[in-house]
Amino acid sequence: PVLAALAVGAVVDRNAEPFATAGWASWVLGLGMLFAATFRLPRASSLLLVAMLTAAGGAYHHLRWWDVAPDDLAACLDDVPDPAWVRGYVEEVVGRNTREGRGPDDPVRTRTRFILGIEGVSDGETFHPWKGRADVVVQGDARLAAGQPVQVAGRLARIAGPLNPGEFDRRALLQARGIRLVMVVDEPEGVMPDPDRPWSRSVGLLGAIREWSRDRLIDGLAPSAAPLASALVLGRRDDIDPEVGDAFARTGTTHLLAVSGLQLQVMAGAIGLGLVVLGVPRRLRYILVAMAAVGYAALVGGSPSVVRSMVMTVAFCFALLASRRPSPANVLATAGVLTFAVNPGFLFDVGCQLSFLAVAALFWLLPAASAAMTAIGLKILGPPDPLDQLDPWRRSILGKTYLWSLRAVGTMAAASAVVWGAAAPLSALRFHLFSPVGVLLNVPLTITTSAALLAGAFKLTAEALGLWPPARLAGWVVGAMLRLSETVVRWGAAIPWGSWYTPGPPAGSVLVFYALLGSAAYLTIAGPRRGEPSTALRRARRIAWAAVLGWCVPGWLLSGIGRRPATLEAD
């Protein structure tokens, strides 16, 4: 209820903006006083508490999304670029990418992108105190480092919104991270060191760690594997070949290329297993895993899905530290509330939405799907022989390993199918893409990318400790796994039936689908803990799942009929 109330307040503020921050705060104060006055009345006080949290969600979202400080350049600029000369600090060097020339004889083009924290604007004679954060694009190779004081001359403007219906909204993506300005510099000479000010240690420390990690990670890797390794381990995707990125996107496996919740969970699991092998005590082990999750999230930049996974990992660790059995619903809700607290804009990020949706599907849909598959298998093959259940115990170690691997692959395939089925409507709505081949590719790619991720982390650790031979061996594993991953993805993207673009279902239809899916999932896990469910509950379950499957026909498959024009149209 807390997460739902905060989300409703943020959605209302984003779409309707009924009040300013002060207006939302007045509602919070008034509802809080009524809540205190009716504290002894459970129902009334509960409703007032939910209403107060809804207003608090709207107030916090308005403060972080709409409000701009008076000395922020975003308050006085528009979408039209103007010449500007600013000074500030390099907060982060996002990356450098190289592209072929526009013509056969044109030279190779290099572009540098970094985040600039602006602290002053020049009028030609002196710098006046203005603030802001800008996404700076330099046409050329600008050698910069995080924390470096610079002066930048270029064209500055607010980030423009999308121009076409359904186009990716880059403005919303950057604004959620506190970046409202964009600056274009025509040549590297437009970025000049500022000798009058010292380096910023607070800004530069994390950036220096990221730069060192990237340089050590790609050292010795093939040019084709280095961008993939940087994206997979450190979340830096600017250098990826557009064809490779398009292949991952078309096959629905982009989440394996970018640092997401899966990568953080793999890293946390590997660290926990390593601590078990080293004999670290249980309580200390949970603390170290939680600290490692927080540190890795900070290293890769704290994207919405990474923040969600980090919060869930820390919540699980503290629950186990207190010898409590963590509830999946409470852990997921806690992750949602804390992710909202970190940045309410993450609520509208499709990556964050897909991340929470995937975890919810694994928690509540995968067991039901496994039970259904088992029931179908029993009906086809008949009841199992009790002696067959003892068969694995008499097998050799190799036989047990084979059975374990077979079950693990089967579980991964079922999880891939369940997550894909749950996420397909949202993916079609936001990306206009339908990729059934992702169900097939997720299993091998999860194995190869996880191996590359762990090998890359081991390479960085060995480099930090000065263990050069193990680091070179780990680098070879990273390169081999990423080459194999790229081969599999390119093969999947070339399959004619593997993916296709679609108009996508209407937004209202998607909302109805997820409401029906949530109801069906709730009815599936509801009922007595022991004994058989009642006849009415079994009937309700069948009706709910029939409604979920039936809604896909009018809600999606028929949504494109009558919407396709006879000629190409563009806005």
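Quick note: numbers below take in every heavy atom, side chains included, and nothing from hydrogens, waters or symmetry partners.
Panel note: side chain Arg250, backbone Gly492; no donor-acceptor pair is recorded below 3.5 Å. Although no hydrogens or angles enter the test, the distance criterion places a donor-acceptor pair under 3.5 Å between the side chain of Thr112 and the main chain of Ala142. Ser230 contributes no side-chain N or O that, together with a main-chain N or O of Ala226, makes up a donor-acceptor pair within less than 3.5 Å. Between the Gln353 side chain and the Leu347 main chain, a donor and an acceptor come within less than 3.5 Å of each other. Remark: side-chain polar atoms of Gln148 are paired, donor with acceptor, to backbone N or O of Ala145 under 3.5 angstrom. Remark: the backbone N or O of Val94 is not paired with any side-chain donor or acceptor of Arg113 at under 3.5 angstrom. Counting only distance, with no hydrogens or angles, the side chain of Thr448 and the backbone of Pro444 share a donor-acceptor pair below 3.5 Å. For Ser416 (side chain) and Val439 (main-chain N/O), a donor-acceptor pair under 3.5 Å exists by modelled atom type. No side-chain donor-acceptor contact under 3.5 Å links Ser309 to the backbone of Val306. For Trp420 (side chain) and Ser435 (main-chain N/O), a donor-acceptor pair under 3.5 Å exists by modelled atom type.
A heavy-atom distance below 4.5 Å is not found between the side chains of Gln139 and Val185. Side-chain contact between Gln175 and Ile179 is absent, with no heavy-atom pair separated by less than 4.5 Å. For the pair Thr253/Asn442, a side-chain contact is recorded, criterion being any heavy-atom separation below 4.5 Å from C-beta on. In this structure, Asp219 and Asp215 have side chains that are not in contact, with every pair of non-hydrogen atoms separated by 4.5 Å or more. Within the 4.5 Å cutoff, the side chain of Leu426 has heavy atoms near those of the Tyr514 side chain. At a threshold of 4.5 Å between non-hydrogen side-chain atoms, the residues Met412 and Ile447 count as touching. Contact of the Leu441 side chain with the Trp491 side chain is registered, since non-hydrogen atoms from C-beta on lie closer than 4.5 Å. The closest side-chain heavy-atom distance from Phe356 to Thr339 is below 4.5 Å.
With a 6.0 Å cutoff to the six-membered ring centre and a 45° limit on the axis angle, Arg197 counts as a cation-pi contact of Tyr89.
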### Query
Run the side-chain contact (heavy atoms from CB on, under 4.5 Å) check on Val244 and Glu486 step by step: do they pass?
CA-CA 7 Å; Val244 177; Glu486 184 177 346; 3.6 Å; yes
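Centroid-to-centroid, the aromatic rings of Phe127 and Trp85 come within less than 6.0 Å. In this structure, Trp65 has its ring center at least 6.0 angstrom away from the ring center of Phe348.
Lys131 has no carboxylate O lying under 4.0 Å from a charged side-chain N of Glu119, or vice versa, which leaves the two without a salt bridge. Under a 4.0 Å N-O distance rule, the pair Arg180/Asp72 does not qualify as a salt bridge.
Residues Ser355 and Arg308 have side chains that bring a donor and an acceptor to within less than 3.5 angstrom of each other.
The minimum heavy-atom distance between Ala521 and Leu365, with the atom names listed, is CB-CD2, 3.7 Å.
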